[in-house]
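The block underneath contains the structure these notes are about, expressed in structure tokens.
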Amino acid sequence: MSPRAQVYILAALLTLMGAGLTIYKNVELGFPLLPGEYRTVWTIEAKVGFTADGGPAKAALTLPREQRNMEVLGETFSSSGYGFNIIQEDDEYRAVWAKREASGPQSLFYQLDVHQTPGAALEQPLDMSTKVVKPLLAAREQEAVRQAIYSLVDTARQRSSDTQTFTTELLTALADRRNQDGNMIFGYYKDRSFVDVALLVLAAADVPAHRIRGLYLEDDRRRMSPEDLLEIYDGKRWVVFEPQTGSPGVPKNFFIWQRGGKSLLDVEGGYNSRVTFSVISNDVPARDVAMLSTSQEKEALVDFSIYSLPIEQQSIFKLILLVPVGALVVVLLRVFVGLRTSGTFMPVLLAIAFIETQLLTGLSIFVLILILGLWIRFYLSRLNLLLVARIAAVVVTVVILMGAISVISYKLGIEQALTVTFFPMIILAWTIERMSIVWEEDGPYEVLIQAGGSLLVAVIAWWVMTNRYIEHWTFNFPELLLVLLGVIMIVGNYTGFRLAELARFRQLVR
């Protein structure tokens, strides 16, 4: 296989690998392709309150299960003076606060951050009991209430074709205040909620059902009580219904806190127990949400990456990852355009310095140091020093010039010039030495061509490297560097004319 074919195959493999990893991070891990993308994160706070009677106190709060359309990014517990633990009871997790002695009003807090994701709210199947417990009616008015219940059930059956449509008809009839059977049932169960009555009627119809407790995610809601949904078993799967409307399905902005008929809060050693909820929304950068969600799963692509480094090192790598982009700019301009520069990748280092110093300030400092350095270099050449000593003397001179520029600019109040220290001293020294040799061998015109070409390439590289999209892609998707490497390898196989050569041989073309 020829070297050219190997280059194309290797470049294709690198490009596919880099593009595949990028697509995976965007689609599966949620990393945003464009900068400035935000996600809505809901902060839900549950406040448990009760009055302790002076002895041992214990409170147990049921915690929400995992949901496919709601991703928990983090949770915190607050309990001053209380011991805290999380226990598992029958596939449910409960937060348990305990204290040896407590008296008076008590407040306990549980807070979690939730990000809503696309997908169905509930998973199927669910291992929950389908046993039906018939309602027990008291002697007083029980016959009339029983007849009202079964009349409602029979009417709903006649107007339906399966369990789902039956449930919709039944809930609609219960919600209709003009329905006499429904009014009689609610008149008998005055102290019960709509969902409690619906569960009794569904049990009378031999339909397995239970309640779902949760919250509607709406911004700036305080001291809310949990809302209830109904979930019935149709013989094959569990189906959720909105009680008041009879509509099947979980509402889009509904966060399920508890699934089943068990108690939400249990308190021992106290009375007047209650749990209230507060909800607030926050707009968070999409990358932060992706980092939080992947940290829970310990995704290898993120866990073994620069994201696992301390913030200080991450900021350094954010600049380093831009170097390959500048290298690509240099390759394209030198291979396709034919610009001559002083050194191969010296313009990339200048571009990095311009990022820190700002463009106009950096250009002014570089030109000033280059002119002064060349003048001093020409003087040193008359002293007939050895090469190593001469370059070392130029390095020392560059340091002195950088220090002098910093001090003078500080005294003059020009703070931008203080960033002169970002210029690589050794590169400047070698540039001055190289320019002086070119001056002696090829004349000042070639010096101007190479210096101008270097500055032009550095400015273009700076413009590309400071693009907000480039900065975002290189830092959040460093896998794209594999694509960059593939492109550079393909460009390295180019053997055609450069634009500068076309201009040079334009007479021959004519």
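None of the values given here were measured: they were computed from a predicted structure.
- Arg259 is listed as a side-chain neighbour of Arg65, based on a closest heavy-atom distance under 4.5 Å.
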For residues 444-452, please give each side-chain donor-acceptor pair under 3.5 Å, one per line with the distance, not counting sequence neighbours.
{"residue": "Glu446", "atom": "OE1", "partner": "Arg340", "partner atom": "NH2", "Å": "3.2"}
{"residue": "Glu446", "atom": "OE2", "partner": "Arg340", "partner atom": "NE", "Å": "3.1"}
{"residue": "Glu446", "atom": "OE2", "partner": "Gln450", "partner atom": "NE2", "Å": "3.2"}

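- In this structure, Tyr216 places its OH atom where more than 12 heavy-atom neighbours from other residues, nucleotides or ligands lie under 6.0 Å away.
- The side-chain contact (heavy atoms from CB on, under 4.5 Å) search around Ala327 returns Phe345, not counting sequence neighbours.
- Evaluation of the ring pair (Phe, Tyr, Trp, His ring centres under 6.0 Å) rule for Phe336 yields Tyr494 as partners, not counting sequence neighbours.
- Between Pro251 and Leu229, the closest heavy-atom pair is CD-CD1, 3.8 Å.
- The minimum heavy-atom distance between Gly214 and Phe254, with the atom names listed, is CA-CZ, 3.4 Å.
- At least one side-chain heavy atom of Ile87 sits under 4.5 Å from a side-chain heavy atom of Asn85.
- Note that the CD1 atom of Ile86 and the OH atom of Tyr93 stand 9.5 Å from one another [nearest 0.5 Å].
- Using a 4.5 Å heavy-atom cutoff, the side chains of Met224 and Val279 are in contact.
- Annotation for Pro32 and Glu37: closest pair CB-OE1, 3.4 Å, computed over non-hydrogen atoms.
- Without hydrogens or angle criteria, Asn476 side chain to His472 main chain gives a donor-acceptor distance under 3.5 Å.
- With sequence neighbours excluded, no residue forms a salt bridge (charged side-chain N to carboxylate O under 4.0 Å, His left out) with Asp113.
- Separation of atoms CG (Leu16) and CG (Leu14) is listed at 9.0 Å; rounding is to 0.5 Å.
- Remark: Leu332 CG to Leu328 CG distance equals 4.5 Å, nearest 0.5 Å.
- For CE of Met17, the number of neighbouring non-hydrogen atoms (other residues, nucleotides, ligands) closer than 6.0 Å is 12 at most.
- In this view, Phe477 satisfies the ring pair (Phe, Tyr, Trp, His ring centres under 6.0 Å) rule with no residue, not counting sequence neighbours.
- With hydrogens and angles disregarded, a donor-acceptor distance shorter than 3.5 Å links the side chain of Gln116 to the backbone of Lys252.
- Enclosure of atom OH in Tyr38 is not indicated, since only 12 or fewer non-hydrogen atoms of other residues, nucleotides or ligands lie within 6.0 angstrom.
- Here the shortest heavy-atom pairing between Val323 and Met465 reads N-CE, 4.4 Å.
- A donor atom on one side chain and an acceptor atom on the other are not found under 3.5 Å apart for Arg222 and Ser278.
- With a 4.5 Å cut-off on side-chain heavy atoms, Val114 and Leu73 do not count as touching.
- Expressed to the nearest 0.5 Å, how far CG of Leu21 lies from CG of Leu481 amounts to 11.5 Å.
- Here the side chains of Leu61 and Trp97 are in contact, with some heavy-atom distance below 4.5 Å.
- By the salt bridge (charged side-chain N to carboxylate O under 4.0 Å, His left out) test, Glu45 pairs with no residue at all, sequence neighbours left out.
- For Glu218, the salt bridge (charged side-chain N to carboxylate O under 4.0 Å, His left out) test picks out Arg221, with sequence neighbours left out.
- Counting heavy atoms from C-beta outward, Asp228 and Arg213 have side chains that approach closer than 4.5 Å.
- Between the side chains of Thr167 and Gln164, no donor N or O sits under 3.5 Å from an acceptor N or O.
- Ring orientation note: the planes of Trp257 and Tyr110 are nearly perpendicular, at an angle over 60° on the 30°/60° scale.
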With a 3.5 Å cut-off and sequence neighbours excluded, list the donor-acceptor pairs that the side chains of residues 394-403 form with protein atoms.
{"residue": "Thr397", "atom": "OG1", "partner": "Ala393", "partner atom": "O", "Å": "2.7"}

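- With no hydrogens or angles considered, a side-chain donor-acceptor pair links Glu231 and His210 at under 3.5 Å.
- Inter-residue side-chain proximity for Leu230 and Ile212 is flagged as unmet; no heavy-atom pair is nearer than 4.5 Å.
- Contacts of Asp283 classified as salt bridge (charged side-chain N to carboxylate O under 4.0 Å, His left out), with partners at least two apart in sequence or in another chain: none.
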Starting from the C-alpha separation in whole Å, work towards a yes-or-no answer on side-chain contact (heavy atoms from CB on, under 4.5 Å) for Glu75 and Phe77. CA-CA 7 Å; Glu75 53 185 354; Phe77 301 86; 4.2 Å; yes
As a quick check of understanding, evaluate side-chain contact (heavy atoms from CB on, under 4.5 Å) for Leu456 and Leu339, giving each step before the final call. CA-CA 9 Å; Leu456 178 60; Leu339 288 177; 3.9 Å; yes
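- Side-chain contact between Lys25 and Glu479 is present, with heavy atoms from C-beta onward closer than 4.5 Å.
- Residue pairs satisfying the salt bridge (Lys or Arg N to Asp or Glu O under 4.0 Å) criterion with at least one member in residues 317-334, sequence neighbours excluded, are absent.
- What you find for Val239 and Pro248 is that their closest heavy atoms are CG1-CB, 4.3 Å.
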Just do the side-chain contact (heavy atoms from CB on, under 4.5 Å) check on Leu363 and Val459 with the steps written out, would you? CA-CA 9 Å; Leu363 282 173; Val459 170; 4.2 Å; yes
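- What you find for Pro64 and Leu112 is that their closest heavy atoms are CG-CD1, 4.1 Å.
- Residues meeting the ring pair (Phe, Tyr, Trp, His ring centres under 6.0 Å) test with Trp42, sequence neighbours left out: none.
- Of the inter-residue distances, the one linking Trp238 atom CH2 with Ile232 atom CD1 reads 8.5 Å to the nearest 0.5 angstrom.
- Rounding to the nearest 0.5 angstrom, the gap separating the CD1 atom in Ile44 from the OG atom in Ser281 is 11.5 Å.
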side-chain contact (heavy atoms from CB on, under 4.5 Å) for Leu322 and Ile355? Distances and angles first, verdict last. CA-CA 11 Å; Leu322 293 172; Ile355 292 175; 4.3 Å; yes
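- Legend: residues meeting side-chain contact (heavy atoms from CB on, under 4.5 Å) with Ile280, ordered by chain and number and at least two apart, are Thr43, Asp219, Asn282.
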